[in-house]
Amino acid sequence: MEENKGIIDPAAQDSGVVDVEKELKELRLKQKKLERENRRLQIEMDTIKDMNEQIARTQGFMKKENQRQIFYNTQLLKVSPYLVLMVDEKLKTVMASDVLTQMTDVSLDAVRDGMQLDEVLSKVLEESVLNSLLEKCHSVLENRVSDTFMLNNYFGEEEKIYKVDINFYSSPVEGASGLCILFTDMTEVIEAKERAERADKAKSNFLANMSHEIRTPMNAINGMSEFILRDSTDEEAKKNAAMIKSAAKSLISIINDILDFSKIESGKMEIINDTYSLASLVNDVATMIRIRLQEKKVGLVVNLDPDTPSRLYGDEVRIKQVMINILNNSVKFTNEGQITFTIKHEWDGKGDCCLHVSISDTGIGIKKEELGKIFESFTQVDTKRNRSIEGTGLGLAISRRLVTMMGGELRVESVYGEGSTFSFDIYNSVIDAEPVGVLADNYDVKLVHEVDKSFQRPDARILVVDDNDMNLKVAAGLLKPYGIVPDLATSGPESLELVKDKKYDIIFMDHMMPKMDGVETMHRMREMKGGDKWKIIALTANAISGMEAKYVEEGFNGYLAKPIDPATMEDLLKKELPEGSEEILEFGPDDEALEFGPEDDALEFGPGEDVLEFGSEENTSGGSDGSGASVKKSTEELLALLEGLGINTKTGIAHAAGDKEFYLELVSDYVKGFKERSAQLQGFYDSGSLGDYSILVHALKSNSNTLGIEDIGARAKDLEFASRDDDASFVSSHHDELIEAYRKRTEEIGRIF
Ligand code: ADP
């Protein structure tokens, strides 16, 4: 059995082998796993090492970068010409630019060590300046809103001006906050600016003086060419003189622009407010523009809001200048279509009245990108297209400044190729709220009226009643083309005598007459036998809205505004004197009224009745050149000379039914009437009879405007309103001026004839 002891059981033997193998396998697996783990750890170790290296590198880089930034900052603070100071919230200094060490004995180390701001700055700033600066620092710290201001400080004798910026900073990293204070020395910049301004002012003054100086010789050129025009018999010389005169005129207008511009630039332009009549202003402007438009196929439409107050307080001259500038541009840049001149208003019955003025044209328009440039001085746009159009590029620059000075703003809208609209508002106080009325009915005179020669009424019986000889003459002149010879009466009572014996087809009755005015005379006529049927038409120069209705209410059959518009007169005659009307007249042309001669105080002016002393082509008149020699002057020459004096002959001729000679005759009467009329005015003025004064000055206004002597018309109008309103102080402060201007005017005109 022992021999069997060493015998291994194969089954048992088999199971022992299996276990070892299994264990070995597991051990190998574990080993592999460990090897893998080892490799992974190795990789991680490497990564960590890499990262460590990277961190070390970054730290190195950052350290270097930090050092670089500190270096840059230090450099910046070193070279900065500005004084920069940084302080913490307790106003302890943190850092400063090196300038500080040049300005004070404070070291940058002391700054870094936290020296107090007031201690540092006390070394450079005066006490009061320092205190105000510290106050501002506290305020910035409290409100955390930066502040910038100018600071003047004396260093001994020398004044320095600094711009100081105080900025609040808060650092998120350190949680620190404080102020960064920057001082910029502006002394030189400000001095340079002042120098430039002084030079600019000197330039403007020079321009103003020069323009003024140029005007004197220009006037001589203008005057001398006028002499040649007047005295020379050489047609060629006269033609040249006319050209010189026209060139002188445009040069004077350019010089005036430069003068205005330089006045504005040097602050010498003033707005001078005074009472003015809106209707007369608009009428003056429109008349001027209509004359310029005569040679163009362009119409002018004037829209004046009829409810606008009639008398305002503002700078009439400058308002006119702006309107004329803009309208002149519209005339220049419009070749067909229409120019529309609109004045609207806004007024609540209190305070200033706003006039909204707009001027539109159907002209060439302005490119969008150039709209901003047109208000710049000496600027013209689209010069290629506008090469032939003259101008200085100053008109709109001046206009814009003037409008601004008057409290408004000049605006423009334009569509290139279609047209432009310029508009502005002006604020004026109201002197008389009475509405201005319909302009076309009141003031606008059609400049060219073709008389309808087919309309002839030599048998018409017409009476004109007016205290003013010239008005009578004008009326007679207006009736002349229709073959009508009117009877004329110079007062209410005279006309009453006339109508007793003669029936008239129409009685034209002036309103304002001394003693018995037109309204009273009309009422007396109405009371006479058959008087209720007479056609009595009121004549008045007080053209305001609603007048027609008022006169009709009063008992008149109608109303004609003076100066009489020939076209309106013709319409009225056609209406009142229809064809065949002669036959139904109760009295024939051989009526006894014709017997009233001048001795009866009823003046008669018939066609050709007055011997013309001048005006015809062969006119001879007394010389005014001091030689005493008679100088022959043609009608055209006389008209040109009158125009040269600034007289609106076009309007005057229109009022004289287009008859130039008749117009000249009226002007001569005007001159001759000076002595008597001024003496009368003086008499009423001296005796304080404002009522009579008002009537007389009204007549002067009306005559002057009729003849286109508008400056006297305007002065007389102001005095008429003042005397009518019993404003004795205005009358006394303006009466002498009127008489003087009236005397000068009549003398100048007298010299021409
Ligand atoms: P100028 O005296 O040269 O006309 P302005 O200052 O009055 O000077 O005008 C400047 C420029 O603006 C003009 O030259 C023209 O180019 C432009 N401009 C002004 N008004 C008009 C208009 N109504 N239509 C077209 N262009 C205009």
Side-chain angles (χ1 to χ4, degrees), residues 204 207-208 211 214-215 218 246-265 269 285-286 288-293 295-303 317-343 356-406 408-424:
S204 299
L207 271 179
S211 322
I214 294 175
R215 259 153 51 131
M218 279 317 299
S246 135
K249 215 169 148 190
S250 28
L251 197 49
I252 288 174
S253 114
I254 293 171
I255 291 165
N256 284 344
D257 267 4
I258 296 178
L259 194 62
D260 275 352
F261 175 73
S262 40
K263 258 199 213 158
I264 290 175
E265 287 288 289
M269 176 69 85
V285 173
M288 211 158 178
I289 299 305
R290 280 218 170 91
I291 291 170
R292 289 209 56 198
L293 280 174
E295 280 131 45
K296 284 201 163 194
K297 274 193 265 149
V298 179
L300 175 70
V301 173
V302 182
N303 298 319
V317 174
R318 298 299 170 193
I319 298 174
K320 241 188 209 176
Q321 182 178 355
V322 174
M323 288 174 171
I324 290 171
N325 258 339
I326 301 173
L327 280 161
N328 271 343
N329 276 346
S330 292
V331 174
K332 275 199 285 190
F333 297 106
T334 308
N335 292 320
E336 53 189 29
Q338 183 175 297
I339 296 169
T340 313
F341 177 28
T342 306
I343 300 110
H356 179 74
V357 182
S358 79
I359 292 158
S360 303
D361 62 55
T362 52
I364 62 170
I366 304 159
K367 287 182 188 154
K368 211 173 175 180
E369 63 271 24
E370 296 192 313
L371 274 179
K373 292 191 216 155
I374 58 169
F375 295 114
E376 288 168 16
S377 37
F378 303 104
T379 301
Q380 296 176 313
V381 297
D382 218 358
T383 38
K384 227 170 167 181
R385 196 156 61 135
N386 303 335
R387 199 171 297 148
S388 60
I389 299 177
E390 54 184 43
T392 52
L394 277 177
L396 288 178
I398 294 170
S399 301
R400 166 124 103 174
R401 298 288 282 273
L402 287 176
V403 170
T404 310
M405 287 174 83
M406 292 189 279
E409 188 197 352
L410 180 57
R411 296 171 295 265
V412 60
E413 285 166 39
S414 188
V415 178
Y416 192 53
E418 288 185 22
S420 316
T421 300
F422 287 82
S423 59
F424 59 92

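Numbering of ligands and ligand atoms starts at 1, following listing order. Positions are given from 1 along the sequence.
Ligand-side atoms of ligand 1 in range of G395: 5 (P), 6 (O), 7 (O), 8 (O), range being under 4.0 angstrom from any heavy atom. Listed by number with element, the atoms of ligand 1 under 4.0 Å from a non-hydrogen atom of K332 are 1 (P), 2 (O), 4 (O).
When the options I366, T421, N328 are ranked by their closest heavy atom to atom 26 (N) of ligand 1, first place goes to I366. When the options N325, I364, I374, T362 are ranked by their closest heavy atom to atom 12 (O) of ligand 1, first place goes to I374. Atom 19 (C) of ligand 1 has its nearest heavy-atom neighbour, among T334, L327, N329, in N329.
Applying the salt bridge (Lys or Arg N to Asp or Glu O under 4.0 Å) definition to pairs two or more places apart or across chains, none involves residues 356-366.
Heavy atoms of L394 found under 4.0 angstrom from ligand 1 belong exclusively to the backbone. Within the 4.0 Å heavy-atom criterion, the part of F422 lying near ligand 1 is the side chain and not the backbone. Heavy atoms from both the backbone and the side chain of L396 come within less than 4.0 Å of ligand 1.
At least one heavy atom of G365 sits closer than 4.0 Å to an atom of ligand 1. Within the structure, ligand 1 lacks K373 among the residues with a heavy atom less than 4.0 angstrom away.
For the residue pair S420 / S414, a side-chain donor-acceptor distance below 3.5 Å is found, with atom types taken as modelled.
Side-chain atoms of T342 never come within 3.5 Å of backbone atoms of N303 as a donor-acceptor pair (strictly under, hydrogens ignored). Between the T362 side chain and the E336 main chain, a donor and an acceptor come within less than 3.5 Å of each other.
Atom-to-atom distance recorded for Q321:CD and D260:CG is 4.5 Å, nearest 0.5 angstrom.
In this view, K320 and D284 satisfy the salt bridge (charged side-chain N to carboxylate O under 4.0 Å, His left out) rule, not counting sequence neighbours.
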Derivation and outcome, side-chain contact (heavy atoms from CB on, under 4.5 Å), residues V403 and F422: CA-CA 12 Å; V403 170; F422 287 82; over 6 Å; no
